[in-house]
Structures are given as C-alpha cells and as structure tokens.
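Values below: every heavy atom of this structure, side chains too, minus hydrogens, waters and symmetry copies.
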Amino acid sequence: MPPKRKAAAATGSRPSKRVASGVNTPVSMGSSDDEYMSDDPDDYTPQNDDYEETVKKFQPSSYRSKNPRPQESDQATRLFRSDKELSSLELKPDHAVRPLWLDPEKGRIVVETFSPSFKQAQNFLINIAEPQSRTTNVHEYTITGHSLFAAVSVGLTTDDIIRQLEVFSKTKLPDSLKEFIFTSTQSYGKIRLVLKHNRYYIESQDASVLQMLLRDPVVGPARIHETDELIQEKAPQLGGLVIPGTKDAAGDDDDDDEDEDDKKDEAEQDMTAYLRDEDDDDEGDEVHSFEIDGEKIQAVQQQCNVTLGLPLTNEYDFRNDDINANLDIDLRPMAQIRYYQEHALSKMFGNGRARSGIIVLPCGAGKTLVGITAACTVKKSAIVLCTSAMSAYQWKNEFLKWSNINPDDIAIFTSGEKEKLNQRAGIIVCTYSMVTQNTRRAHDSQQVMDFIQNREWGLMVLDEVHVVPAEMFRRVTSKIRSHSKLGLTATLLREDDKIKDLNFLIGPKLYEANWLQLSEEGHIARVQCAEVWCPMTTEFYGEYLKARTTNKRSLLSTMNPRKFQACQFLIDYHEKRGDKIIVFSDNVYALEKYAKRLKKPYIYGDTPQREREMVLQNFQQNESVRTIFLSKIGDTSLDLPEATCLIQVSSHYGNDEGFNAFFYSLVSKDTNEMYYSSKRQAFLVDQGYSFKVITHLTGIDKVEGLHFRDTSSRMELLEDVLMAGEESGSGPKGKPGVRRTAGALSEYAGGKDMAYIEYNKSRNKELKKNKPTSKFFKDIQRTNEKRKAAAKADM
DNA sequence: TATCTCGCAA
DNA sequence: ACCCATGCGAGATA
C-alpha cells in the first residue's frame, strides 16, 4: 500500500521534507508567559548534521568527543549515584561519551539521547530490550526475558549482547546483569514447536530437555502418543534462500528483481552475518521430538514461555516441505521493497526458514507489502487475517496488484463473501471474527471453515496483530494450523498488559522500524502533536460539578463552549493555510452539534454507506470541502492521506491516527479529560511523538463568527446539553435515529485566556499509525455495490 | 436485498 | 489508572 499513499505519504525516493517550511509550527503560539513554562531549553539538543557527524566519528575505542551537555550528565549522574544499588558501580573514566545507565536490579536501561552514540545505542537496544518511555533527554528501556528471546531469535548471541552493552555503558557491566543475560539466552532456541502432517510436535536436539519438559504438569499431559520413546530423525538441511523483491537477502545465486535504493547499515550487515553463522552452526545431525495435542498448544506455549522460561521457537523449513503443495506466486517486478522492509524480512527469513514473530512498521510504511513478500517467499498456502471485511478486500487487491498470483488462487472469506478456493494451494483472506466465531455458523460458512481447519497452512499473516490477545481473537492460533505466523502492526501498545501474550501466541518481535529515521527519510509523515487546554466556562463548570453521572460530566466537558471555540479557531486557522482537516469525536451528540453549528459535513456509525461515500469523496476531491467531522468509524482502516490536520474533540482512548502534519487534542481543564490526558500523553510519547501543551490560542478573539461569545448563547447550549444528558444517558445513544438537532445561531464575544506552555520540547516527533490502504472509499463501494459482481469486474 | 439482533473490542 | 459508548462483523429474519 505504500504506493497508494498520496504525496505526503512518501512514495519513497525523496527523503526531502514534503511539508512546507513553517509547517513545523502548529498554530502560532502565544507568548510563553506562565509558570508552566518548561525550564529545560531545547537548544542543546544536537542538531542533526552535527549529530550525524559526531556519530560517524564516534568509535567505541576512541572516546574523543566530549559530552555536549555536561550539565545534563551531571544531573543524571546525581540521580543515579544517589541510588544505593548503583552507588557501588564505578563510572568509567570516559563515561561522559557513553550513553547508557544500567540498573541491574530491574533490568532498566536509561539512554541519553544527546550522546554522540545515541543512535547506535538505540539501534542496538531496540533489538534486546523493550522501550518504556521516550522523553527529550533520556529514553528508557527494560531488558526482560522476552526481549532477550527476541534478540536471540533474530540471531544475536549472548556474547554480542554483553559485549555491546559493555561498550555503551557508563559503568562496568554489573555481574548480576551479565548473569541474567547469560542464563536467559542460554536456554533460548533449544526447543521448537513444529507442525507436521497437521500435527504438532515439540522438537529439540537435546533429548534431555524434552524429558524434562515431559515431567512438567502442563506439558506432560498434553503429549499425545503415550509411548515413552521420543521420536528421532535427521535434521533437515538448509540452503540458500532469496527473498523476492530484495537485492539478495540470503546471499546466493540468481534473482529476479533489482532494488536500487538500499541503505543497509553496518549493524544490519553484521546482523545478517550473525544469522548465517548461527544457521550453519545449529544444523545438528538429528533431532528428537514428541507429539502434543493441538488443542493444547496455547497452554503448552504459555507454560514454556512464561513459567519455564524456555520459549518455543517456531521456524518453518518451507523449502524442504514436500508434503504441502507449492503455491505459484511471485512478486511482480514493479514491486519495490524498501530497505527497512527488507531488513524486516531478513529478520524473518534470515536463516533460510520462516520464523514466526512480529514486525512493527508504522502505518503507511508498507506492512501489506511485507506480508505479501513473505507469502511470495514461502510459496505455500497462506491465510491472512484482518480486522474488518474492508481490510480483507484491500489485502486481496494488494495481492493481485503486487504479486502475480492467479486470481483463482486467492479467496475472500467474510460474512459477505465466501469465495471458493481450489484444492491445491492458495491464499485465503478473512476476518478474525469469521474464524473465531463460536456461535452457529451459516452453512456455507461452515464449509469454508472446515476447509480452513483441515488444511495445513504454510503461513499465517495476522494484520493488526495487537488485537490478537483479545479473548476472542486469540483463538485463531489454535483453530488454524500454520507452520509459521507473521504478525504485523504499527503499535504494540494496549490498554491491558496482554500484549506480552503475543510472545507465545505468535512469536517474538522480529523487527521494529525506527520511526524517527523513517520520517527523516520521508517514508512516513511527520506530525506535530499538541494538546490544547480549554478552561470551562463558569456555567458549564457549575453544572459539571453538580453532575452525578460520568456520562453527563463528559458531555459537559466536550461541549464546553471554550473548547468549541478552540475547535472553531483551529479549523479557521488551518483552513486558511490550506489544510484539510478532520475533526474527531467519539461522542455522537457532540459530533453532530459541532458539525452542524460549524456547517461541516459529518459521518458516524449510522450514516448510510452512500452518504459516507459522498462526504469522503468530496473531502478528497472538492476544494471547497476542507473539513469533515468523524466519529470513531474507521477506527480500523480509514486512511485519508489528504488530511493534514486532525483535531480531536473527545476521545478517551489514546488514539493513534496517523497524520501528515498536525494533531490537536482539545481538553477541558479541571475535568476528567485532564485525568485521561496523562494517559494520552504517555501514549503519544511512547509512540515517539512529542507534543506541546497549548493554553492560549493567539488570535482566537479575532475569529470571525466565533460562536458562543455571549452568555446567552452559552446558556442556550448548556440547556440543550443538559437535556441531552437526561434522556438515555448521554444523548445520542438509545435508538439510532433519534438524534438531537443542533441548536441554531452563532454569536460573538470575548476570547479566552490561556497561556502557551511547551510540555515536552523534545525532538521532532513522528507520527505513525497504521491504516491499510487509501482506497477506503472505493472499497466500501465495491463491497456494497456488488459483493460478487463488482469484485469480479474489478479484478 | 434490507434490516434487525447479538456479541465483542478497547 | 476510568467506564461507557460506539461501531462493526456475523447471522437471522422477511
């Protein structure tokens, strides 16, 4: 889908900034005059050029560069030196040029972002640790068993990890940490989960490990054949492998496509070398195994991963699989794999097999193409799981576009469409819910489901894989038998802590793109995030305090007239500079109110498809439609590349829409919204975005036709809101159909008083969010119009 | 084919 | 460290 993105979304080649200068400043900020003003100026953040230079010069053995910001270092030093656990650790004499602080007890790592070797350290850490937070001056990571498993899975050795850490650390590596890394990594990669003839086996070169496993109260009973003998056989051999579309991923003979742009960095080359080495090494002579009940693999995997600390590796030696039919599929020559996509794929196929795991790529960076290329590499039957029917269509279309697959060999399986697939090999694209549904199935649905469950799949692609830990969706991993699983997502953040389950449900994180780098190179959009704090009016705040239900309160906060005005101002401001604006509200009542009063089109759940299409088409093509209001429709899979500004009026969840330029979140001060805002901030920061807090919108007074300037109009609004709050909770719930109509009129009056503060000055943030393709509209149309006919005609 | 009910996710 | 609401997929019904 990368190519479908419009101009802003980077078709690759040009790393230039596509955002006009000046775009970096959201609205013009008021004077930063109040006490919130942050006191850590950003001016000593190294500039990119210098920075690059410095990094280049930096060599682990020659620490000539001097710490560019000693005061920071001193601060951090004090911080850590005061910690009793750390006080015993001796600083290296040249600690100033080394970026890492280690907390051996908690496995915590703090990186100084201003260090000359920050980038190198970051590239390394992303492979061995889990990112915890990113602030201006320090990033925090944690080393865990899982993160080390991921590191090992991708080819790093115990030695590599310890050696590199030692290089970057300000102190001598504590023995306890070394010990932890050593013991953790030693046990990894010892046992594998293997699918063969539609049965699952646990396999190892070390029979004693298997015997030990069999004594486990969870694993033991899951064994199927109760003979005491382990199965023993020859280990398969590997050979060279070429990933289609890449230069020469595994480094042997021939190839089809050529791929010019390539920015393989050294680290990556090294990595490939590691992979090869390991691969040669671990080709043992024979392996032992025992069969386990397919129904119990989830429990077994969890037990091994969590309790025993012996995660099961999933690798599929697809080239030596002569049981499952080959699929005739290749990338078309036009398909250009970008360097980071290639890196991701080389992590997956680095040792000539398909290893199961997760690839994290920002939206618009081309996740679909990665999935398709994986399928073209394995060349066996593949099943793709999507969160929505629309997304399923997009996947199928992308397959047809980027690969030469015979249209008869790819089928959609959703509630609306049950396409047939021939018996040999093929690709099925379906929704998670179609597969995981527990209730009665329609007849044809059951047929396809049987087909799916009886087949031994070579590859399972799990789109938006962060949804998989959900109770319902996680069933896919046990219902469908697949030799390998590839999870794709833009974010591994969830509200709960279930994201960890992906380690045994799918596999370790194989690759995570560096958003900063991608955005610098123009592969994904840059974003400016800002939070606008809007004081409540006295009338509204009075009612707010009186309100009993949270529902009513949230309605009052989102309908806060000053927030409305801020919204109006921002729309006005950005329309004038030529932006296309999407205003988002998850409250339908507010959505409608705002939109109607500002005379903007809006779409929400009950908006008929036909009307959605109209509105969206106009937004995309009609110059005069610059702003639309959306509810949470398209939470999954709405992508409007032309939007350059997002304003969020009401949303409880951190929401990760990807935008090309601006992202505002409007928050009513002193309300619950503030409470939630900290969560949102954390989310944005974790995503790598920086954001600002704006407490004053300069020039808001001057907006022509600014609504709610006078008290009477505000009172009028208040009454309306209170009424809505009464009936059936929050207004627009109850029956779809009875929507309140907007009040009328707009008045004029005085502005606000807010001051601007910069919250997290930090570096540029990026934004990234993942949405499949851009043809949202077309696909809806297609779906609706003719599930069958249109699909055919189109293809 | 259109519209309803239901369950689920975050 | 909200809770709910909202939206959607799937099946059933006419």
Does a side-chain N-to-carboxylate-O contact under 4.0 Å join [X] and [Y]?
X	Y	answer
A:Glu464	A:Lys367	no
A:Asp103	A:Lys106	yes
A:Glu543	A:Lys546	yes

With A:Asp409, which residues qualify under salt bridge (charged side-chain N to carboxylate O under 4.0 Å, His left out), at least two apart?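 Partners of A:Asp409 under the salt bridge (charged side-chain N to carboxylate O under 4.0 Å, His left out) test: none.
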Whole-Å distance between [N] [atom2] and [X] [atom1]?
X	N	atom1	atom2	answer
A:Gln609	B:dA2	CD	C1'	13 Å
A:Lys498	B:dC8	NZ	P	12 Å
A:His466	B:dA9	NE2	C1'	10 Å
A:Asn587	C:dT6	CG	P	6 Å
A:Phe584	C:dG7	CZ	C1'	11 Å
A:Asp586	B:dA9	CG	C1'	14 Å
A:Glu592	C:dG7	CD	C1'	16 Å
A:Asn438	B:dC8	CG	P	8 Å

Looking at [options], which one has an atom nearest to any side-chain atom of [X]?
X	options	value
A:Arg612	C:dC8, C:dG7, C:dG9	C:dC8
A:Ser631	C:dG9, C:dT6, B:dA9	C:dT6
A:Val588	C:dG9, C:dG7, B:dA9	C:dG7

Passes salt bridge (Lys or Arg N to Asp or Glu O under 4.0 Å), A:Glu419 versus A:Lys396? Steps please. CA-CA 12 Å; A:Glu419 293 176 344; A:Lys396 180 181 172 182; 3.2 Å; yes
Cation over ring, A:Lys580 on A:Phe619, under 6.0 Å and within 45°? yes
Verify the contact: side-chain N or O of A:Ser554 to OP1 or OP2 of C:dC4, cut-off strictly under 4.0 Å; return yes or no. no
Does A:Arg474 place a side-chain N or O at less than 4.0 Å from the phosphate oxygens OP1/OP2 of B:dC8?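 Answer is no, no contact under 4.0 Å.
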Please tabulate, one pair per line, each protein N/O and nucleotide N/O from nucleotides 11-14 of chain C that are separated by under 3.5 Å, including the distance.
unit_1, atom_1, unit_2, atom_2, d
C:dG11, OP1, A:Ser445, OG, 3.4

Name the orientation class of the two ring planes belonging to A:Phe564 and A:Phe708 (parallel below 30°, tilted from 30 to 60°, perpendicular beyond 60°). perpendicular
Is A:Ser433 touching bases, backbone alone, or none of the nucleic acid, heavy atoms closer than 4.0 Å? sugar-phosphate
